[in-house]
Novice: 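One structure, as structure tokens, below. Some questions next.
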Amino acid sequence: QVRLVESGGGLVQAGGSLRLSCAVSGHTFSNYIMGWFRQAPGKEREFVATIGWSGDSTIYADSVKGRFTISRDNAKNTVYLQMNSLKSEDTAVYYCAADPRRYITARGDNYNYWGQGTQVTVSS
């Protein structure tokens, strides 16, 4: 049973930083691509970032490029999302996702496993 548990969300002022973590259990973490997605109230879920098996390949949404950094620690079975220069429009529930495919993808329907989400609220 694959399990993903996000943590690190909270309330932060605009311009501040947060680091989200997603701890994964139940599979060989290093063989899975990992992604972060978010969903704001009344909006569709949107892609944020993804990272390949070894961490060498990444893709970011244009809206977060240069501000967010995705990384992973395969020894700790954990993926991170460092979020800097936060804006009010970053307010959303953030979800991590995993899939055993070979190549990274920004498509949410390509991920088979999802966490329960963590709330990020940025006050202006």
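This structure is a prediction, so every number in the text was calculated from the model and none was measured.
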Novice: Where is the tightest heavy-atom contact between H27 and V2, given as atom of each residue plus distance?
Specialist: CD2-CG1, 3.2 Å

Novice: When clusters are formed by joining ILVMFWY residues with side-chain heavy atoms under 4.5 Å apart, either directly or through shared neighbours, do V48 and L4 land in the same one?
Specialist: yes

Novice: Side chain to side chain contact (heavy atoms under 4.5 Å, CB included), that's the test. Do Y113 and Y32 meet it? Break it down for me.
Specialist: CA-CA 10 Å; Y113 304 102; Y32 279 59; 3.8 Å; yes

Novice: Look up atom CE in M83 and atom CZ in R19, then write down how far apart they are to the nearest 0.5 Å.
Specialist: 11.5 Å

Novice: Where do S124 and A14 come nearest, in terms of heavy atoms and distance?
Specialist: CA-CB, 4.2 Å

Novice: Could you tell me whether the side chain of Y80 reaches within less than 4.5 Å of the side chain of D73, counting heavy atoms only?
Specialist: yes

Novice: With R38 as reference, evaluate V120, V93, T91, V64 under the side-chain contact (heavy atoms from CB on, under 4.5 Å) test and give the passing residue.
Specialist: V64

Novice: For L81, which of I70, L18, I51, T69 qualifies under side-chain contact (heavy atoms from CB on, under 4.5 Å)?
Specialist: I70

Novice: Determine the minimum heavy-atom distance between Y95 and E6, stating which atoms define it.
Specialist: CA-OE2, 3.3 Å

Novice: Would a 4.5 Å heavy-atom cut-off, applied to side chains only, mark Y111 and I33 as touching?
Specialist: yes

Novice: Among residues at least two apart in sequence or on other chains, which ones pass salt bridge (Lys or Arg N to Asp or Glu O under 4.0 Å) with R101?
Specialist: D99

Novice: Rounded to the nearest 0.5 Å, what's the gap from OG on S123 to CD on Q13? Could you check?
Specialist: 5.0 Å

Novice: If you round to the nearest 0.5 Å, how far is OG1 of T58 from CZ of R72?
Specialist: 12.0 Å

Novice: Do F47 and W114 belong to the same hydrophobic cluster, where Ile, Leu, Val, Met, Phe, Trp and Tyr are linked whenever their side-chain heavy atoms lie under 4.5 Å apart, directly or via other members?
Specialist: yes

Novice: Give me the atom names and distance for the closest heavy-atom approach of N77 to F29.
Specialist: OD1-CB, 3.4 Å

Novice: Counting only N and O atoms by type, is there a donor-acceptor contact under 3.5 Å from the side chain of W53 to the main-chain atoms of S30?
Specialist: no

Novice: Using 4.0 Å as the upper bound for N to carboxylate O, is an ion pair formed by K87 and D90?
Specialist: no

Novice: What distance do W36 atom CH2 and C22 atom SG have between them, rounded to the nearest 0.5 Å?
Specialist: 5.0 Å

Novice: Which heavy atom of Q39 sits nearest to which heavy atom of K43, and what is that distance?
Specialist: NE2-O, 3.0 Å

Novice: I'd like to check the side-chain hydrogen bond (donor to acceptor under 3.5 Å, both in side chains) partners of R102; sequence neighbours left out, ordered by chain and number.
Specialist: none

Novice: Please walk me through it: do T50 and F37 pass side chain to side chain contact (heavy atoms under 4.5 Å, CB included)?
Specialist: CA-CA 9 Å; T50 182; F37 293 78; over 6 Å; no

Novice: Is there a path of hydrophobic side-chain contacts, each under 4.5 Å between heavy atoms of I/L/V/M/F/W/Y residues, joining I104 to M34?
Specialist: no

Novice: How close do S17 and S85 get, counting heavy atoms only, and between which atoms?
Specialist: OG-N, 4.3 Å

